[in-house]
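Structure, as structure tokens:
As the structure is a computational prediction, the values presented were derived from the model and not from experiment.
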Amino acid sequence: LALTQLVGRKMYLTQTIRDFSTNVEERFVKFTFTNKSTENVLSNTTPITSMTDLTRVVSRSGSMNNLSELLTTPTTNEDLSSPEGDMLHVHPLEEIPHNIPRTAVCLLIDSVDEVKENSDKFTKVLEAFPQFNGSIPCCEFGPTNVLYIIFTKDRVEHSAENMDDIVCKLENCLIPLHYYLEKADIRRVSFIFNNAKSDDELYSFNLPAIFTYRQRSGFKEDTLYRDMEPNQAYRLELIRLAKNFSVQRLISRQTTTGKIYTYRATPKSAALLKDRSAKKEPRIFVRAIGLVFQFSSTSFEGILVDALNALDLSMSESTSNNHVFINLVGDHDHVVLDPVVVEQVVVSILKRHGERISQLGIAEVETKIVCCLSADSPPIGLRMIASNPTGYVQVVDSYVEGLEQPGSEPVLKLIGGTKASLACTGDNSWEGLKVSTPYPLTRPFDAQRKAALRSSDTLYCYDLPALFEAAVEQQWIDASSKGGIEGSIRAISRPLMVMYTTELVVQKKDGSSGSWTMDDYLNGDLELTQVTRRAGANNVGMVAWLMTLKTVEYPNGRQVVLIANDITFKAGSFGTREDVVFKLASELAREKRIPRLYVAANSGARIGLAESVKKMFKVSFKDQTKPENGFNFLYVTKQDYEQLTCEEKQIIVEPINLNGEEVYKITDIIGIEPDLGVENLKGSG
């Protein structure tokens, strides 16, 4: 019973616990707990251009909203109709309000048979819940109390047949007790078993077997959350896996740093129909919960290594597109952090383990932590998404949870002023997404990266700044490692940020939105402006940046203009608009008397297609039954010709008779779209 009390305190470490009591005769421990106030969110329209902005906004309590007071997750028949429907409702936003006291009872029983044979004793234990005898009313927000039944002698073997048998027995035990459970305002019943001894190394240090039966599903087992402590299960955010993947748990382990859960996720057929470029092969999702009281590089690195070790044991299941999610849980009321510092710690540790992360086929490492920015500010949720799109350097984007409008679901809002945002090295692909957004089969910009690799054996243009930053950082590392006085000086003088970058974008001088044209340029209505925007926001196949590189040679910073083709935009071809971007960026470099660097990956001058003509032309084949023998000419019908020449003359034709019908043989195509012909040779040249 004393050990059970310790287990209860550990499981509810992140809640406020009071009123522990022990009933030796009935062999149970009872305690009361309340949820701590959840993390707060800010308006999605609030500008967060720097850490200063974030700290200022968070310090104003009026600009913050508590999740548990704003949000609920509705129940729909559609959700319940799927095998994972019940799981889809397990969401942190469904927490009972933090000011409502709740009761937990941990009951010790020798075996499952004892539950079946002693229902009277079981009912007597339920009297420990104050709602059972009516001393306090049931909660208006739904059932609040929890019951744990811990078996001291029965053990569970990890086999599908044995698991199914146990699940059925436990469900049958609860059927005659439904009325009493609801009378006691029981939210869930969790059965905990020790594992049978196994020669299999995977299960030699496995977590206890836990089967949870929830009231909202008629006290049927919540299969996806099997073997998880139910009060912490929502922190794994498994709802994000279930939409697009069929999920199967592989192993779950307790380590010195936390709990590690490994899942094989197989893309669902419906998801593959929507994303036909996605790979059908399963991938591995590692979900880790770490209990920390003070964030440090040691605590993060420890749980990261444990997560990588767990993935290593499952590498036979998948070698690519794997994902690691780490949720660092603690007493967030007392965890005061600076996201910039956290980002630096995460990046440095990921670099240290970068080679192993690549070998394990990990596409993203996602880290969540709830903390305060100052001692008197409310807790907020932060996320850092790390990826290595170039294969050379880890890039981290930092986000904070925000609301688009009161009552809506929180979305991820990019934090400005962090390393990735200042250097333009992140792709910002999670900006604006809901926190519960399902994991996609393919990551944002994967298609562009594959296209760039396939067409020109090069990188996606928005990944280039990360390589420049990595090169400068490596230069500092090399200089610092020389030893002696020079190496010591270099190590001390190394700047925290080695690169600052803004994108150079061509815009109209009057600030009006919409796409600009060549006529705007010829009229002198365009200018080159410095902006900070997400990757892939370009609508022209040429991209430019103004970069400040703090090199060993010039630690104060030296500016350069970087220009690159977007090989994924119309095959990286040159049109007149691309020429304008290139020209204005080059002129800026000459004006500032700074180097201009051009990363060339293009297909030369654009050979345009007149889409309007393309939809209408027909072919006169030499032999209609054998098109491979060639054709005589292209033509349009009289009706199509009139349509193509009613406003502007898009084609030049010769009337001709074809099989007794008057048609118009096309001799020249003019078109109405820009950048169709020889004007594109200027930029290409």
Side-chain angles (χ1 to χ4, degrees), residues 51 295-305 308 337-360 362 365 367 384 386-398 417-427 458-502 545-564 589 592-600:
M51 273 307 305
F295 179 85
S296 66
S297 58
T298 303
S299 62
F300 176 73
E301 186 168 21
I303 195 166
L304 174 65
V305 170
L308 298 182
L337 293 176
D338 181 345
V340 174
V341 176
V342 175
E343 184 188 53
Q344 292 165 0
V345 169
V346 171
V347 170
S348 64
I349 292 173
L350 290 175
K351 283 182 178 179
R352 196 178 306 157
H353 299 275
E355 185 176 350
R356 189 182 183 197
I357 290 173
S358 298
Q359 291 173 349
L360 292 173
I362 297 173
V365 177
T367 304
M384 280 140 286
S387 61
N388 186 359
T390 64
Y392 294 99
V393 59
Q394 290 287 342
V395 175
V396 178
D397 288 313
S398 298
T418 58
K419 188 170 183 288
S421 62
L422 291 174
C424 281
T425 54
D427 59 24
T458 189
L459 297 173
Y460 180 44
C461 61
Y462 279 96
D463 291 332
L464 290 171
L467 293 185
F468 280 85
E469 183 185 40
V472 177
E473 287 183 340
Q474 187 60 49
Q475 187 187 60
W476 278 101
I477 292 173
D478 294 342
S480 302
S481 62
K482 287 183 177 180
I485 297 177
E486 182 182 353
S488 300
I489 292 174
R490 296 302 186 192
I492 295 172
S493 61
R494 177 181 175 178
L496 189 62
M497 286 286 301
V498 300
M499 185 176 84
Y500 293 88
T501 306
T502 55
W545 297 269
L546 179 62
M547 306 169 65
T548 301
L549 305 177
K550 294 192 173 184
T551 63
V552 173
E553 180 187 52
Y554 204 83
N556 290 333
R558 174 170 288 160
Q559 287 187 324
V560 299
V561 169
L562 173 65
I563 308 174
K592 287 179 167 288
R593 302 180 65 81
I594 59 177
R596 180 200 66 189
L597 306 178
Y598 173 43
V599 180

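Side-chain contact between Arg596 and Ile563 is present, with heavy atoms from C-beta onward closer than 4.5 Å. Inter-residue side-chain proximity for Leu308 and Arg356 is flagged as met; some heavy-atom pair is nearer than 4.5 Å. By the 4.5 Å heavy-atom criterion applied to side chains, Arg558 and Glu553 are counted as neighbours. No side-chain heavy atom of Trp476 sits less than 4.5 Å from a side-chain heavy atom of Ser481. Annotation: side chain of Thr548 is not in contact with side chain of Thr501 (no heavy-atom distance under 4.5 Å). Annotation: side chain of Val561 is not in contact with side chain of Leu597 (no heavy-atom distance under 4.5 Å). Taking the side chain as every heavy atom from C-beta outward, Ile349 and Ser297 approach each other to under 4.5 Å.
Separation of atoms OG1 (Thr502) and CG (Leu546) is listed at 5.0 Å; rounding is to 0.5 Å. Here the NZ atom belonging to Lys550 is positioned 8.5 Å from the CE atom belonging to Met497, to the nearest 0.5 angstrom. To the nearest 0.5 Å, the span separating CG on Leu464 from OG1 on Thr458 amounts to 6.5 Å. Rounding to the nearest 0.5 Å gives a distance of 10.0 Å between CG of Leu304 and CZ of Arg352. Rounding to the nearest 0.5 Å gives a distance of 4.5 Å between CG of Leu562 and CZ of Phe468. Atom CD1 of Ile303 sits about 13.5 Å away from atom OG1 of Thr298, to the nearest 0.5 Å.
Between the side chain of Ser480 and the backbone N or O of Ile477 there is no donor-acceptor pair closer than 3.5 Å. Looking at Glu469, its side chain never comes within 3.5 Å of a backbone N or O of Val498 through a donor-acceptor pair.
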(request) Dump the intermediate steps for side chain to side chain contact (heavy atoms under 4.5 Å, CB included) on Val560 and Met547, then the final yes or no. (result) CA-CA 5 Å; Val560 299; Met547 306 169 65; 3.9 Å; yes

(request) Could you walk me through whether Leu459 and Leu467 pass side chain to side chain contact (heavy atoms under 4.5 Å, CB included), step by step? (result) CA-CA 10 Å; Leu459 297 173; Leu467 293 185; 3.1 Å; yes

(request) Dump the intermediate steps for side chain to side chain contact (heavy atoms under 4.5 Å, CB included) on Ile362 and Ile357, then the final yes or no. (result) CA-CA 6 Å; Ile362 297 173; Ile357 290 173; 3.7 Å; yes

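Aromatic pair Trp545/Tyr500: ring centres not closer than 6.0 Å.
Scanning all heavy atoms of the two residues, the minimum distance from Ala589 to Pro595 falls at CB-O, 4.3 Å.
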